[in-house]
There are 2 protein chains.
Amino acid sequence: MDKVNGFLFAGINCGIKQTKKDLGLVYIKDGATFAGATTRNLFASPTIRHTKEILKNKNNVYSVLVNSGNANALTGAKGYNDINDILASLGSITKQPPHSAVMLSTGIIGKRLPVDTIKKGIPILMNELDASCNHFATAICTTDTKEKVFSKKITINNKTVSVLGIAKGSGMIQPNLATMLAFIFTDACIDQQLLQSVIIDAANNSFNRITVDSDSSTNDSFLLFASNKGVTIDKSSIEVFKEAVEEIALKLAKEIIIDGEGATKFVELTINSAKNDEEARAIFYAIANSPLVKTALFGENPNFGRILCSAGKIKSSIIPEKVVLKIGEHILYRDGEVADYNLTKLNAYMKNKNIQICLDLNIGKTNFTGWTTDLSHDYVDINAKYT
Amino acid sequence: MDKVNGFLFAGINCGIKQTKKDLGLVYIKDGATFAGATTRNLFASPTIRHTKEILKNKNNVYSVLVNSGNANALTGAKGYNDINDILASLGSITKQPPHSAVMLSTGIIGKRLPVDTIKKGIPILMNELDASCNHFATAICTTDTKEKVFSKKITINNKTVSVLGIAKGSGMIQPNLATMLAFIFTDACIDQQLLQSVIIDAANNSFNRITVDSDSSTNDSFLLFASNKGVTIDKSSIEVFKEAVEEIALKLAKEIIIDGEGATKFVELTINSAKNDEEARAIFYAIANSPLVKTALFGENPNFGRILCSAGKIKSSIIPEKVVLKIGEHILYRDGEVADYNLTKLNAYMKNKNIQICLDLNIGKTNFTGWTTDLSHDYVDINAKYT
């Protein structure tokens, strides 16, 4: 079910990590149209600079090499040269056109890539290529506890189009117009410019609505590949295609939150009737990143005062007297004061794994929904020890 | 030593909390000139509205009633009426002028004050008034593990001026142009407008440079009282006086960080050679509030990549190639890449309780220093359980 015409995958342990898979390859024999969105972090990894160059040239992409365990970030010109060195080695084996390979990295920041170790892994990857993406999906994981793969078939002009999404991400998650590592593969035939417009919208409606810990990573990348083997997507069919891409992107984004570092809760936070999208997003992030809100969620503690306190700490058009706050079906605040509510039922609701919070501002017409996690002892453990 | 001419203090348990002190009174027989800075949180407590009215009228203040255990926040018009009800009861005992009393509250958000319980405590407080402020300093604490009191004597025109500071604060700490609850008392004689200018500068150089958890509280207040019993401060002597107030405010601010919820580290973070104050502050808070930076500090883990990653996640004028990052004396990043450093010595440094981090941007002339804590298991425990 997860196969897409034109793409072969492999994933192995090459020795960056002790035993877990750490190197993945996507091989596209006839090349793919390529679109992408990358992190805005000012200390972006050299992999981002390299990927942006490929995007700028609008070259077709013939292979995608991804390592986990080392982010190749803060490595400067040396890190950039390492990428070219590794991709030259890949090209000498694949005989694909120059400047047609993308390399992405994820893992610890601030260390040079083990170039020779990775080079030695390339021929092994080439021997293991397969239409199934499972080993690849495993090889790109870091603190993730599971692979993240979703696929969908849609029908356009009576023909089937496949859309396959693969992502990794668990910590350092508050994507900024891009995300962790996420890939979507399709066999559709589509113009590069149209593909790029699809990915920007898909990012804004998925990865740009989640946060684990407020930290946008140095390596966030969301990439979309079309192998051009199937039906042609044009302006008449773009909406159906876009919907499918957004659906897969949103499933991957939610899966990243469910698998957030140490997460015990999956929290859907809606800001309704906001003045505009910018304010709604700012209020969403102020609440979703508040350690006091997150630890209360972990404690299954209905301390909703913290939700309003964190919403109120930033400048906005909020008028307290107009605000209505709901957790689940429980109205907790309205008319400028705490509402009558049933504490026993509210306490019972807080024990759910899925928590819905809705802040209705009643000042405008913009609704925004995003997703976040709680902040648990496991989050502290994972990040106190991770080196 | 902590006595200031004109001010009497008391602190008792009146029954808001089970046994700990929860109600404090400052009694100023002849009144004090009053200046203050209060929270910008949009869901500010009715105590803030009340305090702002007193400040606006520039009335002298004759008493300050403070309760802990209940913040009287999100209580709307009812909460505001509760304050007037309680202060009317206080006034009937003190016979002080109307609109001359301030009431502040700190503790759980979203519950009405136990008005009768507090009223019953007032005559008891009046009987316990004393020149020593220790019981008052205890009565205003919530999750604080110790009282925060600092004092200083300065000489102006050959006469001694006393400056006494008292604060509480441990969680929900990222003051915004004001702070938790902090009081400074002086016996100096000073014009209200001049006093107000002193408090704004003092806040910007102390409480507005600290963060425990990014959450600006609904009740933050930093208040300055002058009993006018001593030497007159005018424009010729204002600098000496301001320096003393700032010194005490800074000591209180640092003490709040040292006593931050669950804190095991006291972290001084300097942003040097920034473009301007606004950018320096934004970069300071991006780093100081990053859960990945804070958990690494808790783990004594020198994962400095997270420091640069969090600095880079916001828009700024940072040019990575110009940045120099130091932890203690260890240069970890410069010239756009990781520097050579001694990991053994760096690991040893991370075990200190006091950690110094310096990010030199080399793009401008503004230097900024602020303070923060780590993020520990105890922080999660305190805030998962606190109700």
Side-chain angles (χ1 to χ4, degrees), chain A residues 40-44 71 73-79 108-112 171-172 174 176 213-218 289-292 295-296 298-299 301 303-306 308-313 315-316 318 320-321 332-333 335-338 375-377 379-387, chain B residues 40-44 71 73-79 108-112 171-172 174 176 213-218 289-292 295-296 298-299 301 303-306 308-313 315-316 318 320-321 332-333 335-338 375-377 379-387:
Chain A
R40 287 183 174 180
N41 193 301
L42 298 170
F43 289 93
L74 307 187
T75 49
K78 290 171 190 161
I108 181 85
I109 293 176
K111 286 189 183 165
R112 294 278 299 277
M172 203 173 268
Q174 180 179 316
N176 181 4
D213 51 16
S214 82
D215 281 316
S216 310
S217 124
T218 50
N289 288 327
S290 158
L292 288 169
T295 47
F298 171 61
N301 168 348
N303 192 328
F304 62 89
R306 292 180 182 172
L308 294 173
C309 176
S310 58
K313 74 183 169 182
K315 267 191 194 168
S316 79
I318 282 179
E321 289 69 26
L332 302 174
Y333 178 89
D335 300 328
E337 61 184 57
V338 173
L375 172 52
S376 70
H377 283 298
Y379 181 89
V380 176
D381 271 336
I382 291 165
N383 288 300
K385 288 171 192 164
Y386 183 68
T387 50
Chain B
R40 287 183 173 179
N41 193 300
L42 298 170
F43 290 93
L74 308 186
T75 50
K78 290 172 189 160
I108 182 85
I109 293 176
K111 286 189 182 165
R112 294 278 298 279
M172 203 173 269
Q174 179 178 316
N176 182 4
D213 51 16
S214 82
D215 282 318
S216 310
S217 124
T218 51
N289 288 326
S290 159
L292 288 170
T295 47
F298 170 61
N301 168 349
N303 192 328
F304 61 89
R306 294 180 181 171
L308 293 173
C309 177
S310 58
K313 74 183 172 184
K315 268 191 195 168
S316 79
I318 282 179
E321 290 68 26
L332 302 173
Y333 178 91
D335 300 328
E337 61 183 56
V338 174
L375 171 52
S376 70
H377 283 299
Y379 180 89
V380 176
D381 271 337
I382 291 164
N383 288 301
K385 288 171 193 164
Y386 182 67
T387 49

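Quick note on labels: first sequence line is chain A, next is B, and so on, each numbered from 1.
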Query raised in the report: What closest approach, in Å, do A:Asp381 and B:His377 show between heavy atoms, and which atom pair accounts for it?
Result: OD1-NE2, 2.9 Å
Query raised in the report: When rounded to the nearest 0.5 angstrom, what distance separates CD1 in B:Ile108 from CG in A:Asn303?
Result: 4.5 Å
Report summary line: Residues A:Asn41 and B:Cys309: closest non-hydrogen pair is ND2-O, 2.7 Å
Report task. Among B:Leu74, B:Leu375, B:Asp335, single out the residue with the greatest number of heavy-atom pairs under 4.5 Å to chain A. Result -> B:Leu74
**Report entry** Side-chain donor or acceptor of A:Asn301 paired with backbone N/O of B:Ala384 under 3.5 Å
**Finding:** yes
Report task. Among the options B:Pro320, B:Gly76, B:Ala311, pick out the one with the most heavy-atom pairs lying under 4.5 Å from chain A. Result -> B:Pro320
Report summary line: All heavy atoms of B:Tyr379 vs all of A:Pro291, minimum pair found to be OH-CB, 3.5 Å
Report summary line: Here the pair of heavy atoms bringing A:Leu42 nearest to B:Ser316 is CD1-OG, 3.3 Å
Report summary line: Comparing B:Ala296, B:Ser290, B:Ser310 against chain A, the one with the most heavy-atom pairs below 4.5 Å turns out to be B:Ser290
Query - Leading residue by heavy atom contact count with chain A [cutoff under 4.5 Å; candidates B:Thr75, B:Ile318, B:Leu308] - result: B:Leu308
